[in-house]
There are 2 protein chains.
Amino acid sequence: MTSATETTPGSNAQRERRRRILDATIALAEEGGFDAVQMRAVADDADVALGTLYRYFPSKIHLLVTALGRQFERAEEQSRTRQVPGDTPHERVMHILGQTTTALQRQPNLTEALTRAFMFADASVVDEIHFVGMKLTAMITRAIDGTEVNREPTEEDTAIVRVISDVWFTALMGWVTGRTPAEDVTKSVDVAVRLLLRD
Amino acid sequence: MTSATETTPGSNAQRERRRRILDATIALAEEGGFDAVQMRAVADDADVALGTLYRYFPSKIHLLVTALGRQFERAEEQSRTRQVPGDTPHERVMHILGQTTTALQRQPNLTEALTRAFMFADASVVDEIHFVGMKLTAMITRAIDGTEVNREPTEEDTAIVRVISDVWFTALMGWVTGRTPAEDVTKSVDVAVRLLLRD
DNA sequence: TCCAAATCTAGAACGTGTTTCAATAATCAT
DNA sequence: ATGATTATTGAAACACGTTCTAGATTTGGA
């Protein structure tokens, strides 16, 4: 019995601990955002010692970015199951990003916590960051292509997806830091997509 | 005698203190980046008490973002004095941003400190953030227009400038956090500018 | 089953951003 | 000049991320 949660390495007890830690992280983030995710609180809620928490995740940032990865993984899975509606690449990309944005905005504290961590991450978190980037790229690329057989994305596609991601991320950041209103996120992305994917 | 440094309010001694604080901040940032800008060290180097430092700047983030504003103000002034070389908007924008990027990359620690602060800033720093944004917008807009009499920027212009800024900022962030190599910053921006300003 | 190695626990301790407070100094209106 | 108000100082204290230590506990191989 080595694969109740699949892939993750370690003994059963260790996978359980890891799961409890990430669950506690998300729960605390949902309640109070970045500041509420305090390492002592996470350790308590997950029923592990502080030292153990640090053995699993070397910093608060690692912890949160890993949690972000788990969320994105789920989002990407879900988006993969059904076809993206819309007649043009513009419409389809906006559908995916608009939907994702709305979902994130429904959990403002959680999103604030995860986005801030992502922003503050340094080179030591490069793998987790890259993981998140890949999931996002996959979603956008699929939306651009729509029903077409999944062709290999061209250089141009990759470049466009990259720019869209950057704009989306920056806009999201403006929102989580309280600098711009919620609607502006979707608006910014829409403008960028329009400029980049002239239909 | 109320205007040796112009505009800034307060008595002479207060303007002096403020200047010393910002100078100390920049000096520490140049040496060791974000982590080296420690409030106690800033206070010491500026010859003020810790409490006084906090009376002038309510947080480390305010302090650094204000310093960033001062830097951008200077950069924008300089760029305003002479004409932007280049035959197309693309060339001119890349000239300005390429040059600014290079300048920033020559002082990696300082740039890391200021960019990180900018990233982490929340709503309470909205004025300082906006100030920085305006300086950057002004520079890019001037580069797009080139020699033309300075027309009022259209909605489209503003939107394009916004997207370029976002990409530039995200790329810069990738670099200061050690996730992407220096050349990639200019490359990313170049791709975005090419996509947005088809010559 | 038993031992050695790895892991986990509880808790203290440290560093740095931030707050607080009493005492002193500077400023300003009268 | 004087008293009132405000600003500055020096130092202590607090909060939270992070590190460290000494002793249990678990695990995995002989």
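Side chains are part of it too, since the values below use all heavy atoms of this structure and drop only hydrogens, waters and symmetry mates. Each chain gets a letter, A, B and so on, in the order the sequences are listed, and its residues count up from 1.
Closest to the side chain of Leu50(B), out of dT19(C), dT9(C), dT8(D), is dT19(C). Minimum atom distance to the side chain of Lys60(A) is reached by dT18(D), of the listed dT7(C), dT18(D), dG17(C). In the set dG10(D), dA10(C), dG17(C), dG10(D) carries the atom at the smallest distance from any side-chain atom of Ala49(B). In the set dA7(D), dT18(C), dG17(D), the nucleotide with an atom closest to the side chain of Gln14(B) is dA7(D). When the nucleotides dT18(D), dT9(D), dT19(C) are ranked by their closest atom to the side chain of Tyr54(A), dT18(D) comes out on top. Listed nucleotides: dT18(D), dT27(D), dT7(C). Nearest to the side chain of Arg55(A): dT7(C). Listed nucleotides: dC8(C), dT9(C), dG17(C). Nearest to the side chain of Val48(A): dT9(C).
With rounding to whole Å, Met39(A) atom CE is found 6 Å from dT18(D) atom P. Here dG17(D) presents its P atom at 15 Å from CG of Asp35(B), a figure rounded to the nearest Å. Taking atom CG on Asn12(B) and atom C1' on dA26(C), their separation rounds to 14 Å, with Å as the unit. Rounded to a whole Å, the CZ atom of Arg20(A) is 10 Å from the P atom of dC8(C). Separating the CZ atom of Arg116(B) from the C1' atom of dG17(C) is a distance of 16 Å, rounded to the nearest angstrom. Nucleotide dT18(D) holds its P atom 10 Å from the CG atom of Leu64(A), rounded to whole Å. Between Leu53(A) atom CG and dT18(D) atom P the separation is 9 Å, expressed in whole Å. For the pair Phe120(B) CZ and dG17(D) P, the computed distance is 11 Å after rounding to whole Å.
Listed for the Arg198(B) side chain is a donor-acceptor partner under 3.5 Å among the backbone atoms of Leu195(B). Glu31(B) contributes no side-chain N or O that, together with a main-chain N or O of Ala36(B), makes up a donor-acceptor pair within less than 3.5 Å. Under the 3.5 Å distance criterion, the side-chain polar atoms of Arg179(A) are left unmatched by any main-chain donor or acceptor of Gly174(A). Remark: the backbone N or O of Thr52(A) is not paired with any side-chain donor or acceptor of Arg17(A) at under 3.5 angstrom.
Residue Glu155(A) qualifies as open at atom CD: its count of foreign heavy atoms under 6.0 Å is 12 or below.
Within the nucleic acid shown, Val37(A) comes within 4.0 Å of sugar-phosphate atoms alone, with no base atom in reach, counting heavy atoms only. Using a 4.0 Å heavy-atom cutoff across all strands shown, Tyr56(A) reaches sugar-phosphate atoms only and no base atom. Residue-level contact check: Asp47(A) touches the backbone only, with heavy atoms under 4.0 Å from sugar-phosphate atoms and none from bases. Residue Arg17(A) is in sugar-phosphate contact alone, with no base atom involved, counting any heavy-atom pair closer than 4.0 Å across all strands shown.
Place Gln38(A) and Ala13(A) on DNA chain D by their nearest nucleotides, and Gln38(A) ends up nearer the 5' end.
Side-chain atoms of Arg40(B) and base atoms of dT18(C) include a donor and an acceptor less than 3.5 Å apart.
Taking every heavy atom of both residues into account, Asp190(A) and His90(A) meet most closely at OD1-NE2, 3.0 Å.
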